[in-house]
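Just so it is clear, the values below take in all heavy atoms, side chains as well, and ignore hydrogens, waters and symmetry mates.
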Amino acid sequence: MEKRTDWYEHPQYYEAIFGTDTVREVDFLQTLSERFGTGGKLWLEPACGAGRLVEEASSRGLRVVGYDISEAMLAHARKRLTPAQRRRVKLGPSRMESFADPSLEGQVDLAHCLVSTFRYLDSEAAARQHLLGTRRLLKPGGIYVLGFHLTDYARARPEHERWVGQVGEDRVVCNTNEGLPEQRARRSPMRNRLRVTGPDKDWLIETQWYFRTYSNAQAAKLFRDAGMRVLAGYTFDYDISAPVERGSLRLDRVFVLQPDPESPSVDPAEPGRASTRKAPKRPSTPQISRKISR
């Protein structure tokens, strides 16, 4: 067995686990844009990864800007686009805390980051910088659809999820473990093991990191501090007819955010500790799962 440490260097196997809900996700985003936003055609995807949502959105005639810290992921994303799609897509390297394109300021109809990547921003300052920067790029009436798991600080057991995928003759098994949350430090330890086996291959790709933790109240305060209001909340079921009800115990949340016109404009280029890691995304169809998974 060959051991490796960075699953972002292997986009094809990453996609085998995370790429199965793409059409449903873009359907959901388009409906949210029409219901709560402008319904316009310029989309932004922070941490766009291997480009599955970029490809699907551009195939529907949308213009898409995406950025990611992983050059391997961006290369994979570019390769999957047709020449016609490439004319509607702009991809480049950047971090979530620091992305700034002056040509996009006040121009974006919808931004989206669906699968807990946001939790890899490892401080309040980094998370706030990201939200402030994204807020500046949205049109009046534009929305940011942000999905991540809230934290139950009373949880007494680690959590485990398992998914299985296939790439040609290679079988991909993904096991993710989230340890107990550290409430004072606002983080929880994570470990992902991606086992890839095939006719001439036996790889174990193990990645470890920390997620930043948020209770519902902590998330709400952060959004207010960044001048964003919550228009609606959903779960990773992506069911537009089933918004989250008050008091729901579900921890998977998709927040529909919009710049608050009553909040003063804040310069996002404030000092703050930057995140040192990029976020792996949550898979879409667990073989066994907590209810909070996609």
Side-chain angles (χ1 to χ4, degrees), residues 1-22 46-52 68-77 93 95-96 113-123 126 147-149 151-152 155-182 185-214 236 251-252 274-290 292-294:
M1 182 176 63
E2 180 179 348
K3 293 185 178 181
R4 302 191 175 200
T5 58
D6 188 356
W7 64 348
Y8 290 105
E9 294 300 315
H10 306 283
Q12 70 276 32
Y13 299 124
Y14 182 91
E15 286 279 275
I17 299 299
F18 297 110
T20 59
D21 273 357
T22 300
C48 64
R52 62 186 182 85
D68 200 280
I69 197 172
S70 169
E71 291 287 357
M73 288 288 186
L74 289 170
H76 188 84
R95 304 184 69 85
M96 293 179 75
C113 183
L114 290 180
V115 284
S116 281
T117 307
F118 178 73
R119 290 181 63 196
Y120 279 80
L121 293 165
D122 60 8
S123 71
F148 60 93
H149 288 73
T151 299
D152 176 9
R155 176 164 57 85
R157 293 182 178 180
E159 294 184 327
H160 169 252
E161 294 178 295
R162 181 177 186 269
W163 300 265
V164 177
Q166 195 79 24
V167 179
E169 296 184 68
D170 294 340
R171 185 172 188 260
V172 185
V173 179
C174 177
N175 284 278
T176 296
N177 290 274
E178 180 167 358
L180 297 181
E182 302 170 16
R186 292 279 306 276
R187 68 180 191 174
S188 58
M190 300 290 300
R191 184 187 69 198
N192 180 274
R193 286 178 173 169
L194 202 66
R195 185 74 179 269
V196 182
T197 54
D200 58 352
K201 186 175 298 177
D202 187 359
W203 290 358
L204 176 63
I205 307 170
E206 183 170 322
T207 309
Q208 298 188 48
W209 68 95
Y210 283 95
F211 262 151
R212 184 158 177 80
T213 59
Y214 292 92
F236 283 6
L251 297 177
D252 54 326
S275 171
T276 57
R277 295 180 182 263
K278 179 188 175 296
K281 295 185 178 181
R282 287 273 179 172
S284 49
T285 51
Q287 195 178 58
I288 58 173
S289 72
R290 301 172 275 163
I292 61 176
S293 293
R294 292 170 52 199

Peer 1: Between Ala72 and Pro11, which heavy-atom pair has the shortest distance, and what is it?
Peer 2: O-CG, 3.7 Å

Peer 1: Indicate the atoms forming the closest heavy-atom contact of Asp122 with Ala126, along with that distance.
Peer 2: N-CB, 4.5 Å

Peer 1: Are there more than 12 heavy atoms of other residues, nucleotides or ligands under 6.0 Å from atom CD of Gln166?
Peer 2: yes

Peer 1: Can you sort out the partners of His10 under ring pair (Phe, Tyr, Trp, His ring centres under 6.0 Å), two or more places apart, ordered by chain and number?
Peer 2: Trp203

Peer 1: So, the side chain of Asn175 versus the backbone of Arg162: is there a donor-acceptor pair under 3.5 Å, distance only?
Peer 2: no

Peer 1: Taking only residues two or more places apart in sequence or in another chain, which ones pass side chain to side chain contact (heavy atoms under 4.5 Å, CB included) with Ala77?
Peer 2: Leu91

Peer 1: For residues Met1 and Arg195, determine if any side-chain heavy atom of one lies less than 4.5 Å from a side-chain heavy atom of the other.
Peer 2: yes

Peer 1: Does Arg119 qualify as a cation-pi partner of Phe211, given the criterion of NZ or CZ under 6.0 Å from the six-membered ring centre and within 45 degrees of its axis?
Peer 2: yes

Peer 1: Return the set of residues passing side-chain hydrogen bond (donor to acceptor under 3.5 Å, both in side chains) with Asn177 (not counting sequence neighbours), or none when no residue passes.
Peer 2: none

Peer 1: Can you name the residues that form a salt bridge (charged side-chain N to carboxylate O under 4.0 Å, His left out) with Glu71, not counting sequence neighbours?
Peer 2: none

Peer 1: Can you name the residues that form a side-chain hydrogen bond (donor to acceptor under 3.5 Å, both in side chains) with Asp200, not counting sequence neighbours?
Peer 2: none

Peer 1: Set out, in order, the CA-CA distance, both residues' side-chain angles and the distance that settles side chain to side chain contact (heavy atoms under 4.5 Å, CB included) for Met190 and Thr207, then state yes or no.
Peer 2: CA-CA 8 Å; Met190 300 290 300; Thr207 309; over 6 Å; no

Peer 1: Can you check side chain to side chain contact (heavy atoms under 4.5 Å, CB included) on Ile205 and Asp6, steps first, answer last?
Peer 2: CA-CA 6 Å; Ile205 307 170; Asp6 188 356; 5.8 Å; no

Peer 1: Walk me through whether His76 and Tyr14 qualify under ring-ring contact (aromatic ring centres under 6.0 Å, His included).
Peer 2: CA-CA 11 Å; His76 188 84; Tyr14 182 91; 9.6 Å; no

Peer 1: Listed by chain and number, what are the side-chain hydrogen bond (donor to acceptor under 3.5 Å, both in side chains) partners of Glu206, not counting sequence neighbours?
Peer 2: Arg193, Gln208

Peer 1: Within a strict 4.5 Å, meaning less than it, do heavy atoms of the Cys48 and Met73 side chains meet?
Peer 2: no

Peer 1: Looking at residues at least two apart in the chain, or sitting in another chain, which of them share a side chain to side chain contact (heavy atoms under 4.5 Å, CB included) with Arg186?
Peer 2: Glu124, Tyr153, Arg212, Thr213, Tyr214, Gln218

Peer 1: Determine the minimum heavy-atom distance between Ser70 and Tyr8, stating which atoms define it.
Peer 2: OG-O, 3.7 Å

Peer 1: So, Asp202 versus Thr197: side-chain donor-acceptor pair below 3.5 Å or not?
Peer 2: no

Peer 1: For the residue pair Val164 and Ile17, what are the closest heavy atoms and their distance?
Peer 2: C-CD1, 4.1 Å

Peer 1: Can you list the steps and then say if Val167 with Val172 is a side chain to side chain contact (heavy atoms under 4.5 Å, CB included)?
Peer 2: CA-CA 7 Å; Val167 179; Val172 185; 4.2 Å; yes

Peer 1: Output all residues satisfying side chain to side chain contact (heavy atoms under 4.5 Å, CB included) with Ala185, sequence neighbours left out; order by chain, then residue number.
Peer 2: Glu182, Arg187

Peer 1: Test Arg155 against Glu178 for side chain to side chain contact (heavy atoms under 4.5 Å, CB included), laying out the working first.
Peer 2: CA-CA 11 Å; Arg155 176 164 57 85; Glu178 180 167 358; 3.8 Å; yes

Peer 1: Kindly write out the residues that satisfy side-chain hydrogen bond (donor to acceptor under 3.5 Å, both in side chains) with Tyr13, not counting sequence neighbours, or none if the list is empty.
Peer 2: Asp170, Lys201

Peer 1: How far apart are the closest heavy atoms of Phe148 and Ser116, and which atoms are they?
Peer 2: CA-OG, 3.3 Å

Peer 1: Excluding sequence neighbours, so at least two apart, what forms salt bridge (charged side-chain N to carboxylate O under 4.0 Å, His left out) with Glu2?
Peer 2: Arg4

Peer 1: State whether the side chain of Thr22 and the backbone N or O of Arg52 hold a donor-acceptor pair below 3.5 Å, judged by distance alone.
Peer 2: no

Peer 1: Using side-chain heavy atoms (C-beta onward) and a distance below 4.5 Å, is Ser188 in contact with Leu180?
Peer 2: no

Peer 1: Which pair of heavy atoms, one from Cys174 and one from Asn192, lies closest together, and at what distance?
Peer 2: SG-ND2, 3.0 Å

Peer 1: Taking the side chain as every heavy atom from C-beta outward, state whether Thr176 and Trp163 have any atom pair closer than 4.5 Å.
Peer 2: yes

Peer 1: When you measure from the side chain of Arg95 to the backbone N and O of Asp68, does any donor-acceptor pair fall under 3.5 Å?
Peer 2: no

